[in-house]
Amino acid sequence: QSNIKVSMRIFLLLIVAIIASSSSFIVHVISVEWLPSWVSQQMQNVVIEPSWNVRNVALITSIEYGIAAVFLYYFARDKLIKYGKFKACLIFSILLTAIHGAFIRQPFMDFIIGNPFEVVIVQNGFKWLVWLLMSVIVVIGFELMMKVKSANRVAGGCNPPAPTPPHKRVRIGRFTKFTGP
């Protein structure tokens, strides 16, 4: 009976994934039909030249990816860290890459439209590298923060109080017996 429940749950999650993918695919197909020509009309007689101002704005706003990755790792950490840091980095990078459709879908689409295999690997390798580096930094940085945080704790899980002079210390009844010199 439990195998049936698990199978049913997996089947229902697959249905949810299919519907979610289909909805985004439909929007993609509709936008591909008219969006390029509309953009072309809007951009007639407009000259855009690359500048460092745009690159600086791109650098500053790229924090969005980092913040999102940290939040996603925060929510998935309990499941991922069980595999160790190295495997957690790999799994997390695959998840980030797949969320953007860059793990399997984009390389496959690049290949079937006629790009040579080596071009597909190089083009998509840089995309994979971005998410791998982000995953390594997020996982290692997050785990380092957790290690520092736990090192600052004292026995019993209590954070040490702020230092106060002895004559201003107040005991709140948690210390029932004083043992000392």
Item checked: Side-chain donor/acceptor of Ser7 to backbone N/O of Asn3, under 3.5 Å -> yes
Margin query: Before we go on, tell me: are the rings of Tyr65 and Trp131 under 6.0 Å apart, centre to centre?
Written below: yes
Checklist line | Pairwise distance CE(Met134) to CG(Leu129) - rounded to 0.5 angstrom | finding: 11.5 Å
In residues 23-31, what donor-acceptor pairs under 3.5 Å come from side-chain atoms, sequence neighbours left out?
unit_1, atom_1, unit_2, atom_2, d
Ser23, OG, Ala20, O, 2.7
Ser24, OG, Ser21, O, 3.0
Ser31, OG, Val27, O, 3.2
Ser31, OG, His28, O, 2.9

Can you give each donor-acceptor pair under 3.5 Å made by side-chain atoms of residues 101-110, sequence neighbours left out, with the distance rounded to 0.1 Å?
unit_1, atom_1, unit_2, atom_2, d
Gln106, NE2, Asp110, OD1, 2.7
Asp110, OD2, Asn124, ND2, 3.1

Next item on the list: Hey, could you give me the CD1/CD1 distance between Ile15 and Ile18, rounded to the nearest 0.5 Å?
Entry: 5.0 Å
Check: Can you check side chain to side chain contact (heavy atoms under 4.5 Å, CB included) on Thr61 and Val57, steps first, answer last?
Finding: CA-CA 6 Å; Thr61 58; Val57 171; 4.2 Å; yes
Check: Which pairs count as salt bridge (charged side-chain N to carboxylate O under 4.0 Å, His left out) when at least one residue sits in residues 126-146, sequence neighbours excluded?
Finding: Arg77-Glu143
Note to self: According to a hydrophobic-cluster definition based on side-chain heavy atoms being under 4.5 Å apart (Ile, Leu, Val, Met, Phe, Trp, Tyr only), do Val130 and Val120 belong together?
What the structure shows: no
Check: Does Leu132 offer a backbone N or O that forms a donor-acceptor pair with the side chain of Ser93 under 3.5 Å?
Finding: no
Checklist line | Inter-residue atom distance Trp128.CH2 - Ser135.OG, 0.5 Å rounding | finding: 14.5 Å
Note to self: Please check if the number of heavy atoms outside Arg9 that lie under 6.0 Å from its CZ is greater than 12.
What the structure shows: no
Margin query: Membership question, hydrophobic clusters at under 4.5 Å side-chain separation (ILVMFWY): are Leu12 and Ile19 in the same one?
Written below: yes
Notebook entry, point to check: Between atom NZ of Lys85 and atom CD1 of Ile81, what is the distance when rounded to the nearest 0.5 Å?
Noted result: 6.5 Å
Check: Which pair of non-hydrogen atoms, one from Val139 and one from Phe92, has the smallest distance, and what is that distance?
Finding: CG2-CD2, 4.3 Å
Margin query: Nearest 0.5 Å, please: how far is CE in Met146 from CZ in Phe142?
Written below: 5.5 Å
Margin query: Other residues, nucleotides and ligands only: do more than 12 of their heavy atoms fall within 6.0 Å of CD on Glu64?
Written below: no
Margin query: If hydrophobic clusters are built by linking Ile, Leu, Val, Met, Phe, Trp and Tyr wherever their side-chain heavy atoms come under 4.5 Å apart, do Ile63 and Ile137 end up in the same one?
Written below: no
Check: Does the side chain of Ile48 come within less than 4.5 Å of Val54's, by heavy atoms?
Finding: no
Next item on the list: Could you state whether Val138 and Phe71 fall into the same hydrophobic cluster, counting links through intermediate Ile, Leu, Val, Met, Phe, Trp or Tyr residues with side-chain heavy atoms under 4.5 angstrom apart?
Entry: yes
Margin query: I need the Phe86 CZ to Leu90 CG distance, nearest 0.5 Å.
Written below: 4.5 Å
Next item on the list: Group every Ile, Leu, Val, Met, Phe, Trp and Tyr by side-chain heavy-atom contacts under 4.5 Å, then state whether Leu80 and Met145 land in the same group.
Entry: yes
Note to self: Between Met43 and Val46, is the side chain to side chain contact (heavy atoms under 4.5 Å, CB included) condition met? List the steps.
What the structure shows: CA-CA 5 Å; Met43 297 303 291; Val46 176; 3.9 Å; yes
